[in-house]
Each structure stands twice: as C-alpha cells, then as structure tokens.
Amino acid sequence: MKANANEIKFLKNRSIIKFEGEDFLGEIGIDGRVFKALTFARISVGVISQQAVENGLSILVHEDDSEKAVTCLIEEFEPERKSGKVSQIYSINNVSVIGFVADDLNKILSELARNNVFPLLLNQNSSEKQINIVVTSSQDEKTKNIIESEIFKKPKTVHLAIIGHGNVGKTLIEQVLHSSEEIKRRKNIHLKVVAVANSRKIAFNKKGFDNTWSDEVFAAEKSSNVDELINFSKENQLENLIVVDNTASIDFVKNYQALAENGFDLVSSNKIFNTLPIEEYRKLRYTLNKNNKRYLYETNVGAGLPLIDTIKLLHLSGENITRIKGVFSGTLSYVFNNFSLRDDKFSTIVNEALEKGFTEPDPREDLSGNDVARKLLILARELDLINEFTDINIQNLVPEALLSVSKQEFLSRLEELDDEYNQIKKNQEPNHVLRYVGDLHGDLQKEKGELDVKLISVPATSALGQLKGSDSIFEIYTESYGENPIVIMGAGAGAKVTARGVFGDILRLSETK
C-alpha cells in the first residue's frame, strides 16, 4: 500500500497470516508455494514482513479470507508441518493498516509507544520513506490521529479527565475552557476536557465539554469508577491522556497505578499519594518508567510556586541540600499572619480563611499539621530520603476532644480554641509573631532526615516574621550557598493559584507528549 507525501492510507478489516518454521525461508520455492496456494484460493495478498531471523513470513489478507488462507496453507505445507520444518500457521484478526510517508519514523514510534500503541508489523521502504504499519483495530483511529499530528503538524489533541470539581477543579476547568483557543494558536495543542468526576458520578463528552459542563455533570448517570474512565478512553481510542486529581481523597490515589498502566499521565494537587508508604511510592515510579508515563505534582507544595522543580534540579545536579525550612501552608500563613497582628479571635480568623477557600474542605487537615507534614515529607522524598509519615514530629493545633468529631461539630465548637491561642500570643517576647513552620534538617546524606512541624515565635523583622497574607516562604540551604539560603516566596493558597499551577503541569506534559 503506497501513500503520497500529503496523505495517509487507511485499510480496515484486515488479518495477518503468520507462517512460521525453522530456517525454511532460505529454501528456494517456499515464497512461490505460499503465493501460489493463496492465488489458487482466489485470495488477494500483500507481503508485509519477513522476520529478520528468517523463520517466518507475515502476509496481509482481508479478514473475510483469513480462515480460508490458513486452511489452504496448512494443506500446501502438510509434509513440512509433519516433519516440524513448518511449526505453525495462524491468523491475527481485527487489524488495520496505515500507510504514510515520513522523514522521522523514530519520533512517530516514540509517540505511539507513549500512547501504548505498539505496531504488530512495520514495513519501511527507506528510499521512498514509505512506511506501512499494522495495528489492532481497537487502536487504529488513535494511531491515525497521532501520525497525522506528527506528519501534518495538526494540533495535537490532549484529552483531560478532571477528577474533583470543587474550588480548584471548577476553577481549572474554567481556565482550560477560557484558554483553549489561545493555546491551540500558540502551542498547536488542543486541550479537551472529556471527563469530569466527583466522588459519586462521572460525566463523559468525547467532543470535549464546553461552558455547560456543570449541567452535563449534574445530569450524569454513570457512577464514579476508574474502570469507567479507562473503558471510555479505550472505546473511543483517545490519545494523549492526562488524568488530573484535584481531590483530597485517600481512595482515589489508589487508582494511580491502574491509570498509569492504561495510558494515562498524571497531574495531581492531591498530596496523599506522595506520602504513602515508601514501597507504594516507589512502585508507582517503577510503573511510570516502565510505561513511559509521567506524574507531575508541583502544586503539592507551595501551590503555584516553582519549588519542587527547583529542588529536583538542585538535587539532580549534585548540589548537597542541607536543610529546607519555612511556612509551608498558605492557610496557616494566613491564619497566623492575621492572628499575630489583629485583635480578632483565633476562631474568627480560621472561619475567615475557610470562607476565602484557603483551607482544605475540613480545616483540621491544616490545623492538625498533617497538610504541612505531607508537604515536608514530599520534599524529603525528592531528596531520595526514605522517611515515612510516622517519622514526622507534628504539633497538632486541634485539641484532642475535637479530633474525631464531625466537621460540622468541629466548626461549631471552634471558639473552644480561642483562649489557648490568645494566651500563646500574649506569652511571646516583644515584637515577635507566630508562625507554623516545617523544618527538614539533620544529615540529609543519610537514608533519613529529621522532620519537624510546629508553631514557633519569631522576630517580626525576620524573613518569616515579615510574611504577609497567605504567602508561603521556603528557605533552601545548600552546601554551596552556606548560610545564605535560596528563598522562594509567594502565594501559597487559593483556588486560582493552585488551579493555575495544575494548569502549568498539564501544559508541560502536553508539550512533551
């Protein structure tokens, strides 16, 4: 099958006849007998590939002729089958052939592999740059789309599945819809949100959701199940898949492994997976590497700040990071920056942060110190430390009596914290303020570091003390920089900031796909 340089030839409903044996193809007349038998049976054939070790031949026929082709070849080579010279003759059905002309076949094969497409056969005429590949019919449309994007420079379609459409998820969807045309024009990337889910149900739209997405999600009837998402992506042959986890769910992260194995790259603002036991953490990294998938989570620490990338770069370049310290939580930054300067009650400030969308759905995730602890552990693991969550010394800001009650009851009893924190504020030295910090220290060249999460009092004139609003600050101490840390500071909370950081991860994945 020959294609012109400006077109792609596409043949469906084909079968491959596999003809295998022990070094028999070196014998004169074997090829002639194969084609003669098929010609007498009135079967149109095309030779696709002769195996390099000369022990097999692959022949393309229409799927309607596959059974007859196998039968006539078995009859023709009955003596060789009895002697063992011909080992087996069989068909592989439901395949399609795609013919095209390309300068860089390796780039195309790389893109196909990234999408879990591995051609069953490949035939290349190097002088004419003519290529024919055979794939299963369940992947032929996807294969054609990928090849068209590579050869004709059509916009590359990236299919997004957004899990969680609360504050961050809703904002992210709106950002993607608002920016999609501009991204297509500037980056030649077409972002399509094809799935939106919450904990109860999932909605699909192969053509891509528009501004009425929330109505479609409301009307969705399918239960929220990762198998539904995987099946949808396969049935519709969607290429360049990214699943975006905007939840705080400990249950959904259990699906990361299956998603990576089924062709999805991962983007997550959910911190939970990166703080699971080290065995699970490493298992996903192995699966990602094996399947040529990526997992980006810049917003796990510092919302939209370029913190994780900076630490990765320093570490991979061989820089000895000796300490990482700072205010990791934009929520608690807002709470203690305001509580230290204002006369309002502690409960008033916390409720204010909740209303502004700075807190997790349950503010105890922030006040318990678990959120900061997870972030600190994530950074420790970026340095290849094998610390577990249980290694972290955490000062919990929530009284024991309020740890296990419902969220609604906790919020109704929040004023019970006021007297304690008012006393803590009064007991400070003059011109000091309260800050809730994470501190990774110790000998970070060993297997484990020391991780502390606690409320401290610092001079108001210090870098930590001058923090404003909901900003976060991270001080990265290295051997080369000595006592002068690399400081990264900026907005550390808020749906818009976090969603923008997630969007950045999506674009980075899309550009490298």
Side-chain angles (χ1 to χ4, degrees), residues 115 141-142 144-146 148-149 152-247 249 252 255 259 262-270 296 299 304 357 494-511 513:
N115 282 278
E141 293 288 347
K142 177 166 71 171
K144 181 173 176 284
N145 291 339
I146 293 168
E148 283 182 339
S149 292
F152 305 135
K153 305 304 177 186
K154 290 184 178 180
K156 176 169 62 177
T157 301
V158 176
H159 297 93
L160 305 176
I162 310 295
I163 312 301
H165 51 89
N167 288 339
V168 174
K170 178 182 177 182
T171 304
L172 174 64
I173 294 171
E174 291 171 351
Q175 289 176 353
V176 171
L177 294 177
H178 176 74
S179 306
S180 60
E181 287 302 317
E182 179 68 10
I183 290 169
K184 188 189 295 186
R185 185 183 66 81
R186 290 192 300 110
K187 303 284 190 180
N188 206 35
I189 294 171
H190 184 195
L191 295 178
K192 289 170 65 173
V193 179
V194 295
V196 179
N198 57 25
S199 60
R200 293 175 290 103
K201 55 187 181 177
I202 186 167
F204 297 111
N205 188 325
K206 182 184 177 181
K207 295 181 179 179
F209 288 103
D210 56 22
N211 290 323
T212 64
W213 66 270
S214 59
D215 295 332
E216 293 188 56
V217 173
F218 180 78
E221 296 180 354
K222 290 186 179 293
S223 60
S224 189
N225 186 306
V226 73
D227 291 333
E228 293 277 4
L229 176 58
I230 291 171
N231 291 337
F232 172 78
S233 70
K234 290 181 178 179
E235 289 169 4
N236 291 282
Q237 297 197 40
L238 303 182
E239 74 274 21
N240 301 320
L241 296 160
I242 301 176
V243 67
V244 185
D245 180 8
N246 294 309
T247 73
S249 168
F252 187 77
N255 298 311
L259 288 163
N262 283 277
F264 286 83
D265 286 294
L266 306 170
V267 170
S268 180
S269 60
N270 185 341
L296 298 186
T299 55
K496 286 186 178 180
V497 172
T498 303
R500 186 60 64 183
V502 171
F503 200 174
D505 278 348
I506 291 171
L507 288 176
R508 280 194 294 161
L509 272 182
S510 300
E511 289 182 312
K513 276 186 164 297

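Since the model is a prediction, treat every value here as computed from it, not as a measurement.
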(request) Evaluate the criterion salt bridge (Lys or Arg N to Asp or Glu O under 4.0 Å) for residue pair E182 and R185; output intermediate values, then yes/no. (result) CA-CA 5 Å; E182 179 68 10; R185 185 183 66 81; 2.7 Å; yes
(message) Take a 6.0 Å sphere around NZ of K201 and say whether it holds more than 12 heavy atoms from other residues, nucleotides or ligands.
(response) yes
(message) According to salt bridge (charged side-chain N to carboxylate O under 4.0 Å, His left out), who are the partners of K187, at least two apart in sequence or on a separate chain?
(response) E511
(request) Under the ring-ring contact (aromatic ring centres under 6.0 Å, His included) rule, collect the residues that match up with F503, sequence neighbours excluded. (result) none
(message) Please enumerate all residues that pass side-chain contact (heavy atoms from CB on, under 4.5 Å) together with V226, with sequence neighbours excluded.
(response) I230, N255, L259
(message) Between N246 and I162 (side chain of the first, backbone of the second, donor and acceptor by atom type, cut-off under 3.5 Å), is there such a pair?
(response) no
(request) State which residues pass salt bridge (charged side-chain N to carboxylate O under 4.0 Å, His left out) with K234; sequence neighbours excluded, sorted by chain then number. (result) none
(message) If we ignore hydrogens and angles and just use 3.5 Å, is the side chain of S268 paired with the main-chain N or O of N270 as donor and acceptor?
(response) yes
(request) List for me each residue that meets ring-ring contact (aromatic ring centres under 6.0 Å, His included) alongside H165, sequence neighbours excluded, and say none if there are none. (result) W213
(request) Determine whether H159 and E239 make a side-chain contact, defined as any pair of heavy atoms from C-beta on separated by less than 4.5 Å. (result) yes
(message) Between N145 and T157, is the side chain to side chain contact (heavy atoms under 4.5 Å, CB included) condition met? List the steps.
(response) CA-CA 9 Å; N145 291 339; T157 301; over 6 Å; no
(request) Would you please name every residue forming a salt bridge (charged side-chain N to carboxylate O under 4.0 Å, His left out) with R200, sequence neighbours left out? (result) none
(request) Would you check if the side chain of Q237 reaches a backbone N or O of E141 as a donor-acceptor pair within less than 3.5 Å? (result) yes
